[in-house]
Amino acid sequence: MIIRLIKHKDINKTLYDQCILDARQSTIYAMSWYLDTVAPGWQLLATYGYSYVMPLPVKKKLGIPYVLQPLMCQQLGIFSEEEITKELYDDFMKRIPGVYCLLQLNSGNVFDQNELRPNYVLDIRPDYETIRDKYHNNTRNDLKKIEKSGLITDDQTGAAEVLKLLKEQSPNY
């Protein structure tokens, strides 16, 4: 199987996003629009037809490329609707550009239990009241305090504005 490195400008985002949506490991963190926000200029390792893809948040320092997990991007790695074997995993890892790579991989890419980090996933299909009823008492009490404080939430704020705030608060970002 041939794996090739694709520069950001040459990525077919339609094929890429469809692979992510169909993948066993599908996650919002790997969607092209999300990566464009948290890792501008990201690159891609992909097989022919985008049946296996691995987004790479590539940066450069002194002209040397390196791959580093972006803030606000929990899991990346190899994505596919097919099973990811250890052999395929190793082939992808050999093709990562640069001298340094630090990524938090998705659970479909873990072949050694020591590599697995805790991950908490909240099923948001039920209505909010059903989800809230399963919260710990302290969490429910904290939410009541927040509601009483008059804090206003806004679902219209875009990712770019959130990242701007994050950059202002975290100068090393």
Joint cluster assignment, [X] & [Y], ILVMFWY side-chain distance < 4.5 Å:
X	Y	answer
Ile2	Leu5	no
Met72	Trp33	yes
Met1	Met93	yes

Give me the atom names and distance for the closest heavy-atom approach of [X] to [Y].
X	Y	answer
Gln75	Leu105	CG-O, 4.2 Å
Leu76	Ala30	CD2-CA, 4.2 Å
Ala46	Phe92	N-CE2, 4.4 Å
Pro126	Ile131	O-CD1, 3.6 Å
Gln43	His8	CG-N, 4.2 Å
Phe79	Ala23	CB-CB, 3.9 Å

Does [X] reach the main-chain N or O of [Y] with its side chain, forming a donor-acceptor pair under 3.5 Å?
X	Y	value
Arg132	Arg140	no
Thr47	Tyr50	no
Asn109	Tyr89	no
Asn106	Ile78	yes

[X] vs [Y] side-chain heavy atoms within contact, under 4.5 Å:
X	Y	value
Met31	Asp17	yes
Met54	Ile3	no
Cys101	Leu103	yes
Leu71	Val38	no
Leu35	Pro57	no
Tyr135	Leu143	yes
Val53	Ile20	yes

* To do: For atom CD of Glu129, decide whether the heavy atoms of other residues, nucleotides or ligands shown that lie under 6.0 angstrom number more than 12.
  =>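 Yes, CD of Glu129 has more than 12 neighbouring heavy atoms, counting only those of other groups under 6.0 Å.
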* Kindly check if the number of other-residue, nucleotide or ligand heavy atoms within 6.0 Å of OH (Tyr128) is above 12? =>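 Count over threshold, so yes.
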* Under the salt bridge (charged side-chain N to carboxylate O under 4.0 Å, His left out) test, residues paired with Asp142 that sit two or more places apart ->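 Here no residue qualifies.
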* To do: Using salt bridge (charged side-chain N to carboxylate O under 4.0 Å, His left out) as the criterion, list what pairs up with Lys86, not counting sequence neighbours.
  =>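 So Lys86 forms a salt bridge (charged side-chain N to carboxylate O under 4.0 Å, His left out) with Asp90.
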* Asked: Hey, are Trp42 and Asp36 close enough side-chain-wise for a donor-acceptor pair under 3.5 Å?
  ->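 Side chains of Asp36 and Trp42: pair found under 3.5 Å.
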* side-chain contact (heavy atoms from CB on, under 4.5 Å) involving Asp10 - partner list, sequence neighbours excluded ->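 Asp10 satisfies side-chain contact (heavy atoms from CB on, under 4.5 Å) with Ile6, Lys7 once adjacent residues are dropped.
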* To do: To the nearest 0.5 angstrom, please state how far the SG atom of Cys19 sits from the CD atom of Glu81.
  =>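 Taking SG in Cys19 and CD in Glu81, the distance rounds to 7.5 Å.
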* Asked: Roughly how far, to the nearest 0.5 Å, is OG of Ser32 from CG of Leu15?
  ->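 The OG atom of Ser32 is 11.5 Å from CG of Leu15, to the nearest 0.5 Å.
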* Going by the side-chain hydrogen bond (donor to acceptor under 3.5 Å, both in side chains) test, which pairs reach into residues 94-103, not counting sequence neighbours? ->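 Not a single pair qualifies under side-chain hydrogen bond (donor to acceptor under 3.5 Å, both in side chains).
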Using residues 61-69 as the side-chain source, report each donor-acceptor pair under 3.5 Å to any protein atom, sequence neighbours left out, with the distance given to one decimal.
residue: Gln69; atom: OE1; partner: Gln104; partner atom: N; Å: 2.7
residue: Gln69; atom: NE2; partner: Cys73; partner atom: O; Å: 2.5
residue: Gln69; atom: NE2; partner: Gln74; partner atom: O; Å: 3.4

* **Residues in ring pair (Phe, Tyr, Trp, His ring centres under 6.0 Å) contact with Tyr29, at least two apart in sequence or another chain** =>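 Only Tyr34 meet the ring pair (Phe, Tyr, Trp, His ring centres under 6.0 Å) criterion with Tyr29.
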* To do: Evaluate side-chain contact (heavy atoms from CB on, under 4.5 Å) for Ile84 paired with Gln25, printing each intermediate quantity in order.
  => CA-CA 10 Å; Ile84 297 167; Gln25 317 77 3; 3.2 Å; yes
